[in-house]
2 protein chains.
Amino acid sequence: MGRHKVLNTPAIRRMPTYFHKLVLMQQAHEEVVSTTVLAKYMGLEPIIVRKDFELTGVKGQPGIGYKTHELIEAIRSYLGWDACKKACLVGAGSLGSALLGYQEFSEYGMLFTDVFDADPEKIDTRIHGHLVRDVRQMTPRLRQARPDIGIICVPAIHAQAVVDDMIACGVRAFWNFSNLCLQVPPNVVVQREVIAGGLALLSMKLKTHDII
Amino acid sequence: MGRHKVLNTPAIRRMPTYFHKLVLMQQAHEEVVSTTVLAKYMGLEPIIVRKDFELTGVKGQPGIGYKTHELIEAIRSYLGWDACKKACLVGAGSLGSALLGYQEFSEYGMLFTDVFDADPEKIDTRIHGHLVRDVRQMTPRLRQARPDIGIICVPAIHAQAVVDDMIACGVRAFWNFSNLCLQVPPNVVVQREVIAGGLALLSMKLKTHDII
DNA sequence: TAGATTGTTAATCGATTAACAATC
DNA sequence: TAGATTGTTAATCGATTAACAATC
């Protein structure tokens with residue numbers, strides 16, 4: 001039912017942060033980097049960073065560190081960010097717009113090829129350069145465009161219906177920003193972002209540290 | 001340095017999803033709920049849900065299930081969502097606007113008391129009912145308003161400076177949506193949301209399932 | 001040489017899963 | 001009674017952490 005164990009989840013979640021920092025460091029002409037430096041930046045222990053890098057298969061030089069560009073490419077390849085992924089975003093509200101504006105996604109191999117919304121005010125306008133189309137034209141378009149990823153930013157009531165439509169068009173992977181757990185067949189994968197999950201963790205930290 | 005272990009992190013991340021679903025079920029007058037039903041909805045094993053509920057201290061009835069309203073209150077109390085938290089959001093771009101529009105946050109005990117931005121076009125307008133103020137007025141206002149949480153939605157280049165200012169005003173907890181790891185003193189907690197972390201996981205699922 | 005770092009193996013810790021009696 | 005469910009203890013699995021030799 002779209003729930004498939006991914007090993008090393010915590011490590012995978014850390015990868016983009018390494019990646020982003022490493023790109024900044026490379027731009028600053030720092031050609032070698034140690035786990036000590038990255039760990040300090042991220043508030044981790046160096047051994048964690050070392051073990052994470054081991055997963056990507058990259059090799060460092062004892063006493064020296066890792067070559068920045070080798071690390072970047074190792075992480076990119078490990079995450080599959082060297083492959084181009086066509087994404088179709090549905091729901092161009094504030095959150096959808098925010099995602100459309102993230103320049104970094106193209107660095108991560110994801111390209112917005114289609115954007116749909118139901119609001120007549122938005123249809124045929126451009127958001128961050130992306131043309132917003134009428135969601136009623138979605139099915140015929142997607143059968144041609146064949147996106148790899150569906151990004152769900154519609155209100156909760158519409159989420160499941162939109163996903164069902166997209167699955168019918170052959171979409172097999174979803175990034176779900178809605179409040180609901182989507183019900184999908186076993187050959188379809190879903191990554192759900194739970195914004196309230198972060199708030200829950202922050203709330204626990206507030207408690208633990210007697211901030212509130 | 002603002003990095004403090006929180007136990008049961010995976011369970012805590014699942015709590016808001018239980019919570020949200022339970023509220024919907026209560027509105028549908030489903031007064032009793034079993035872990036089987038919730039697990040199926042979320043794509044988990046029932047034992048996981050049972051263990052999670054155990055953390056909150058709630059008790060179910062063998063053979064029957066849990067009382068919906070008891071579960072809701074148990075989770076709310078466990079997460080500290082019964083305490084009111086004043087939040088100050090800085091950076092009213094698309095992402096900031098999306099957060100300001102999340103009605104659910106008040107259910108979770110978080111109230112937006114202040115919103116700041118640097119863009120003259122936005123200053124003195126209202127976004128989802130919240131007045132946007134000039135970020136240059138932030139310090140004097142915060143010394144009075146004393147928010148519990150700072151929500152960072154500003155561009156990366158400004159994030160650290162904004163946080164430093166807020167810490168000087170006594171803010172000790174941050175929800176960081178910027179691309180950077182904020183450097184903060186040990187008595188300050190940070191919860192960082194890494195949107196690209198979700199994409200990394202989705203990318204790995206694509207790989208594993210030969211979708212791309 | 002001394003200090004910093006990686007690579008690797010082993011130890012520990014915590015989260016998930018299994019098993020099953022007790023209850024409705 | 002049979003079936004569904006919780007509560008609880010134990011087993012397993014995976015992630016983090018420790019330790020230390022090897023390298024620069």
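Below, read A as the first sequence line, B as the second, and so on, with proteins coming before strands; counting in each chain starts at 1.
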From CD1 of I48(B) over to P of dT6(D), roughly how many Å is that when rounded to an integer? 14 Å

Rounded to whole Å, the CD-P distance (E45(B) to dA18(C)) equals 7 Å

Rounded distance (Å) that lies between atom P of dT6(D) and atom CG of D52(B): 13 Å

Looking for any heavy atom pair under 4.0 Å, which part of the strands does K59(A) touch: base, sugar-phosphate only, or nothing? sugar-phosphate

What nucleic acid atoms does E54(A) come within less than 4.0 Å of, heavy atoms only: base, sugar-phosphate, or nothing? base

State whether the side chain of E31(A) and the backbone N or O of Q26(A) hold a donor-acceptor pair below 3.5 Å, judged by distance alone. no

Complementary nucleotide of dA21(C), counting Watson-Crick and G-U pairs under 3.5 Å: dT6(D)

Report the distance from atom SG of C169(A) to atom CG of D164(A), rounding to the nearest 0.5 Å. 11.0 Å

Atom-pair distance (CD on Q61(B); C1' on dT5(D)), nearest Å: 10 Å

Is the phosphate of dT6(D) approached by T35(B) (side-chain N or O, under 4.0 Å from OP1 or OP2)? yes

Would you say R50(B) places a side-chain N or O within less than 4.0 Å of OP1 or OP2 belonging to dA18(C)? no

Nearest whole Å is fine: how far is dT6(C) P from K67(A) NZ? 14 Å

Side chains of E104(A) and Y108(A): is there a donor and an acceptor less than 3.5 Å apart? yes

Side chain of P10(B): nearest nucleotide among dA22(D), dT23(C), dT16(C)? dT16(C)

What does dA15(C) pair with, Watson-Crick or G-U, if both distances are under 3.5 Å? dT12(D)

Assert: residue with more 5' nearest nucleotide on DNA chain D, out of T9(A) and G65(B), is G65(B)

One pair to check against salt bridge (Lys or Arg N to Asp or Glu O under 4.0 Å): D52(A) and R14(A). What are the steps and the verdict? CA-CA 8 Å; D52(A) 288 350; R14(A) 289 188 290 263; 2.7 Å; yes

Counting any heavy atom closer than 4.0 Å, what does I47(A) reach on the DNA or RNA strands: base, sugar-phosphate only, or nothing? base

Under 4.0 Å: is that the gap between some side-chain N or O of K51(A) and OP1 or OP2 of dG14(D)? no

Are L71(B) and F19(B) close enough, and set up right, to give a side-chain contact (heavy atoms from CB on, under 4.5 Å), and what steps lead you there? CA-CA 8 Å; L71(B) 262 181; F19(B) 187 88; over 6 Å; no

Which listed nucleotide (dC24(C), dT6(C), dT5(D)) is nearest to the side chain of I64(B)? dC24(C)

Is it true that F112(B) and W175(B) have ring centroids separated by less than 6.0 Å? no

Measure from CZ on R13(B) to P on dA15(C) and round the result to the nearest Å. 13 Å

Given K86(B), R141(B), Q144(B), the one that forms side-chain hydrogen bond (donor to acceptor under 3.5 Å, both in side chains) with D114(B): R141(B)

Are Y66(A) and dA4(C) close enough that a side-chain N or O sits under 4.0 Å from OP1 or OP2? no

Send over the distance from L44(A) CG to dT16(D) P, rounded to a whole Å. 9 Å

So, with a heavy-atom separation below 4.0 Å from DNA chain D, the residues of residues 17-26 of chain B are none

Give a yes/no answer on whether the side chain of N8(A) brings an N or O atom under 4.0 Å of OP1 or OP2 in dA15(D). yes

Could you state the NZ-P distance from K5(B) to dG14(C), rounded to the nearest angstrom? 9 Å

Please determine whether salt bridge (Lys or Arg N to Asp or Glu O under 4.0 Å) holds for the pair D82(B) and R76(B), giving the CA-CA distance in whole Å, both sets of side-chain angles, and the decisive distance to 0.1 Å. CA-CA 6 Å; D82(B) 45 2; R76(B) 196 201 303 278; over 6 Å; no

